[in-house]
Amino acid sequence: MSRVNISKEHPVVYQHVAELSKAAEAAAADAGLDTQLVELIRLRVSQLNGCAFCCRLHTRDALRAGESADRLAVLPVWWESQYFTDIERSALGLAEEVTRLSVPARDDWDDGSLTAEQVSAVSWLAVVMSAWNRVAIRSGYRVAP
């Protein structure tokens with residue numbers, strides 16, 4: 001039994017992750033991060049964690065939020081493109097640093113574009129998205145056309 005749907009086996013724990021996710025999203029909004037950037041962060045973290053289910057979900061959510069196909073196409077190499085603002089570049093760099101847990105921590109994302117509140121909000125978004133990725137991957141969520 002290699003795959004067990006952990007969200008169904010322990011629905012109370014799953015619900016707590018959902019509540020944490022809502023709190024992180026509210027913190028991001030309170031910090032002035034727009035919905036498109038939140039979805040870019042969720043998608044990039046999911047790409048790094050290799051979660052097909054969440055990549056598909058957050059690509060669709062980003063498009064619904066008004067994100068462009070061009071920006072989504074270059075998200076895996078955002079640092080090489082001119083599509084992203086300073087705040088988006090800082091947020092994406094921070095989200096990658098939190099997701100990869102670089103030791104020692106990288107701070108090349110820190111160009112002063114993000115406030116302390118935004119740094120905290122982006123960090124929480126990356127932490128929670130990584131948790132969701134692990135739930136989906138461990139549970140074997142199907143991703144079929």
Side-chain angles (χ1 to χ4, degrees), residues 2-7 10 13-145:
S2 65
R3 296 285 176 210
V4 172
N5 187 329
I6 64 175
S7 61
H10 290 96
V13 178
Y14 180 88
Q15 188 56 43
H16 285 299
V17 175
E19 291 167 8
L20 179 61
S21 185
K22 287 179 186 174
E25 187 171 345
D30 290 346
L33 302 176
D34 65 36
T35 304
Q36 285 179 303
L37 179 53
V38 168
E39 291 306 329
L40 287 175
I41 291 165
R42 289 174 171 159
L43 178 55
R44 185 64 186 131
V45 169
S46 298
Q47 290 171 342
L48 293 171
N49 286 326
C51 183
F53 181 86
C54 293
C55 282
R56 180 180 64 181
L57 174 71
H58 292 292
T59 295
R60 290 174 177 175
D61 288 348
L63 289 168
R64 273 193 292 277
E67 192 53 77
S68 74
D70 277 359
R71 283 171 39 107
L72 293 176
V74 298
L75 184 59
V77 291
W78 59 266
W79 61 90
E80 289 189 20
S81 78
Q82 289 71 52
Y83 278 93
F84 302 97
T85 67
D86 288 344
I87 194 168
E88 290 169 334
R89 296 170 72 76
S90 291
L92 290 167
L94 172 58
E96 287 189 4
E97 195 274 324
V98 170
T99 303
R100 291 183 172 142
L101 289 178
S102 304
V103 178
R106 288 182 30 230
D107 61 3
D108 54 344
W109 56 267
D110 190 4
D111 65 359
S113 295
L114 300 172
T115 66
E117 184 181 24
Q118 290 171 330
V119 168
S120 179
V122 168
S123 297
W124 275 111
L125 286 169
V127 166
V128 173
M129 194 66 240
S130 289
W132 282 125
N133 295 154
R134 281 148 180 78
V135 169
I137 292 168
R138 184 68 222 137
S139 297
Y141 287 8
R142 295 192 35 82
V143 182

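By convention here, the first residue in the shown sequence is residue 1.
With contacts defined as side-chain heavy-atom distances shorter than 4.5 Å, the pair Ser139/Arg3 does not qualify. The closest side-chain heavy-atom distance from Val98 to Trp124 is not below 4.5 Å. You'll find the side chain of Ile87 reaches within 4.5 Å of the side chain of Gln118, heavy atoms only. Leu94 places a side-chain heavy atom less than 4.5 Å from the side chain of Ser123. With a 4.5 Å cut-off on side-chain heavy atoms, Trp78 and Arg89 count as touching. A 4.5 Å side-chain heavy-atom check between Ile137 and Phe53 finds every atom pair outside the cut-off. Using a 4.5 Å cut-off on side-chain heavy atoms (C-beta onward), Val77 and Trp79 make contact. Under the 4.5 Å side-chain criterion, counting only non-hydrogen atoms from C-beta, Leu43 is not in contact with Asp61.
Aromatic ring centres of Tyr14 and Trp132 lie closer together than 6.0 Å.
Under a 3.5 Å cut-off, the side chain of Asn49 and the backbone N or O of Cys51 do not form any donor-acceptor pair. Although no hydrogens or angles enter the test, the distance criterion places a donor-acceptor pair under 3.5 Å between the side chain of Thr99 and the main chain of Ala95. Checked by atom type and distance alone, the side chain of Thr35 never pairs as donor or acceptor with a backbone atom of Ala65 at under 3.5 Å.
Between Ser46 and Asn133, the shortest heavy-atom contact is OG-ND2, 3.0 Å. Minimum heavy-atom separation, Leu33 to Leu37: CD2-CD2, 3.8 Å. Nearest heavy-atom pair across Ser90 and Trp109 is OG-O, 3.0 Å. The minimum heavy-atom distance between Ala144 and Arg56, with the atom names listed, is O-NH1, 3.0 Å.
With respect to Arg71 and Glu88, a salt bridge is recorded, a charged nitrogen being found less than 4.0 Å from a carboxylate O. With respect to Arg42 and Glu39, a salt bridge is recorded, a charged nitrogen being found less than 4.0 Å from a carboxylate O.
Residues meeting the salt bridge (charged side-chain N to carboxylate O under 4.0 Å, His left out) test with Arg44, sequence neighbours left out: Glu96.
No side-chain N or O of Ser68 forms a donor-acceptor pair with one of Tyr83 less than 3.5 Å apart.
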